[in-house]
Amino acid sequence: MQEKPLSELIQQRIKKLENLKNLGIEPYNGVFEPSTSTEEIFQRYGGFNRDYFESENISVCIAGRVILFRDFGKTCFAHLQDFTGKIQIYFRKDILQDKFSLLKNLDIGDIVGVSGRLFRTKTDELTVEVQDFVFLSKSLRPLPEKWHGLKDIEARYRQRYVDLIVNPSVKETFIKRQKIIKYMREFLENEGFIEVETPMMHLIAGGARAKPFKTYHEALDMELYLRIAPELYLKRLLVGGFERVFEIGKNFRNEGISTKHNPEFTMIEFYVAYKDYHWLMSFTERLLSYIVEKLYGQFKVKFGDTLIDFTPPYKRITMYDALIQNGVPEEAIKDWDEAYKFAKDMGIEISKDSSLSRILDEIFKEKVEPKLIQPTFVIDYPVELSPLAKRKRENPELVERFELFIAGREIANAFSELNDPIDQKERFLKQLEERMKGDEEANEMDEDFIRALEIGMPPAAGEGIGVDRLVMILTDNQSIRDVILFPLLRPEQTK
RNA sequence: GGGCCGUUAGCUCAGCUGGUAGAGCAGCUGACUCUUAAUCAGCGGGUCGGAGGUUCGAAUCCUCCACGGCUCACCA
């Protein structure tokens, strides 16, 4: 935080704080027990007319932040905002008597508790006529302007607390985020899944292809990685006899930041014994449509200027067919030289060391991904892109894997889990070779995981869903930073 | 990391080919007992992101730096 001389505006507010203290009022020591919320007031009393309030004398106590203030001399109007909404409150000198003069020391942004009776104004607005009020927190720093609000994107992320006060849609997004996760958990629990917590600090960063963050444990004198995926631990639990498990939590990847990537992000991973990826696809359809239906009461969701339809079933297409349908010649799919040439012609930079699968993966990202707007399962990936997935029975060069794309974004990744310890060991060895060749993101050998597979893991299917990306789509936000309360930013400049 | 754009009052923004900074809101003083972006009268508020440079003169032109946005690269 920068230390510069307090601005005039802040000094004025400190003066008011002192005025209150001199009058024996401690604005930070107030206590107050609200009897209701603004939302509840509108729910219960929104339907009644003026005469009702004249005859019934409804008293309420509410607390919140003053976000608007209109001074008329012997009366004042203000808007009080609590978590659930806002309501107009009305101060009169003839009711408040001496206490009315305290309003001179009230600022927009202050948190107050008020008690009073409900009435309707001339213009029929439901309003609290304040009988008594108490300062609960004095705000020393001015809030942004009342109708343009806080627009500066940097300030919105750095001072999310202000963003949340003045931009109601931001709060909406994060409430929806919580609901999405709640419905997800609810669905899985109803399907017999057990929620677990596995380590976030790993000796070996496995289960995904990504660069990890490093950290250090002093007492044990050892380097650790923040996890890039919980996968290998969850599969150890399958070995241990958990047949349906899931974990919701943060993953950390030491990579670039973009509208689709935050270094720490939330994943859900779930595993089911005795099922395969076909079963998982329909399960995923049921899961997503359940969430969307709970959230919106229908299956269609507006995202940008498109309408995403979550009504099952979703389109399924193999990776190779998707490539061919998007103009990649068949020869390029089988032949390294053709693929290399095709990629080069498209302007994709490919190293000469890249394998055919990796080239195709690049072409896929460029040509196919952006076109997958409606929920689409892309299935059957080359084995070497998927070192933890089970081979297809009919074609051992492919694996039983799918990725789910929505709005051109990869939302989920799933496969029939490889449970053959010997094959798994060989794949790790292959990854190690790539690592030797300089591929920092290739998997490391995890001996203990192999040992677990040697004990015996049931056939199983597992899936990971990028929660932030799903929330983006379901809340119509174009940047991952808009669905993460405190996205990572460089430190603020000290002036 | 590359490219493009941005950074001016607490907030939202103007500021032309260089002539020494403006509005609205917020704030302060005053008026006003049903307002809705209340209104009316008056007042204060700026290291123009930072550092250099060009110039008689820089918010404006140039260079470097910082932070952010978009985008590319990167990204299981």
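All values derive from a computational prediction rather than experimental measurement. Every chain is numbered from 1, with letters handed out A, B, ... down the list of sequences.
B:G6 and B:C67 make up a base pair, with Watson-Crick or G-U wobble contacts both under 3.5 Å. For B:A58, there is no paired nucleotide, since no Watson-Crick or G-U wobble pair has both relevant distances below 3.5 Å. Applying the Watson-Crick and G-U wobble criteria (two distances, each under 3.5 Å), B:A37 pairs with nothing in any strand. Of the nucleotides present, B:C13 is the one that pairs with B:G22 by Watson-Crick or G-U wobble criteria, both distances under 3.5 Å. Nucleotide B:C43 has B:G27 as its partner under the Watson-Crick or G-U criteria, with both atom distances under 3.5 Å.
If you check every strand for non-hydrogen atoms under 4.0 Å, A:Leu143 touches nothing.
B:A21 sits 13 Å from B:G45 when the P atoms are compared, rounded to a whole Å. Separation of the P atoms belonging to B:C65 and B:C70 is 22 Å when rounded to the nearest angstrom.
Comparing A:Gln12 and A:Ala210 against RNA chain B, the residue whose closest nucleotide sits nearer the 5' end is A:Gln12.
Distance A:Ile67 CD1 to B:C11 P: 19 Å, rounded to the nearest Å.
For a distance-only test at 3.5 Å, the side chain of A:His148 fails to qualify as a donor-acceptor partner of the base of B:C11.
Distances were taken from every side-chain heavy atom of A:Glu154 (C-beta onward) to each of B:C75, B:C67, B:C34; the shortest belongs to B:C67.
At least one side-chain nitrogen or oxygen of A:Lys146 sits closer than 4.0 Å to the OP1 or OP2 atom of B:A38. At least one side-chain nitrogen or oxygen of A:Arg70 sits closer than 4.0 Å to the OP1 or OP2 atom of B:A38.
Remark: A:Arg401 qualifies as a cation-pi partner of A:Tyr381 under the 6.0 Å distance and 45° angle criteria applied to the six-membered ring. Both tests pass for A:Lys99 against the ring of A:Phe133: distance under 6.0 Å to the centre and angle within 45° of the axis.
Contact check for A:Met472 versus A:Arg409: side-chain heavy atoms found under the 4.5 Å cut-off.
Using modelled atom types, one finds a donor on one side chain and an acceptor on the other under 3.5 Å when comparing A:Asp82 with A:Thr38.
The side-chain ring of A:Phe72 is not stacked on the base of B:C32, judged by centre separation under 5.5 angstrom and plane angle under 30 degrees.
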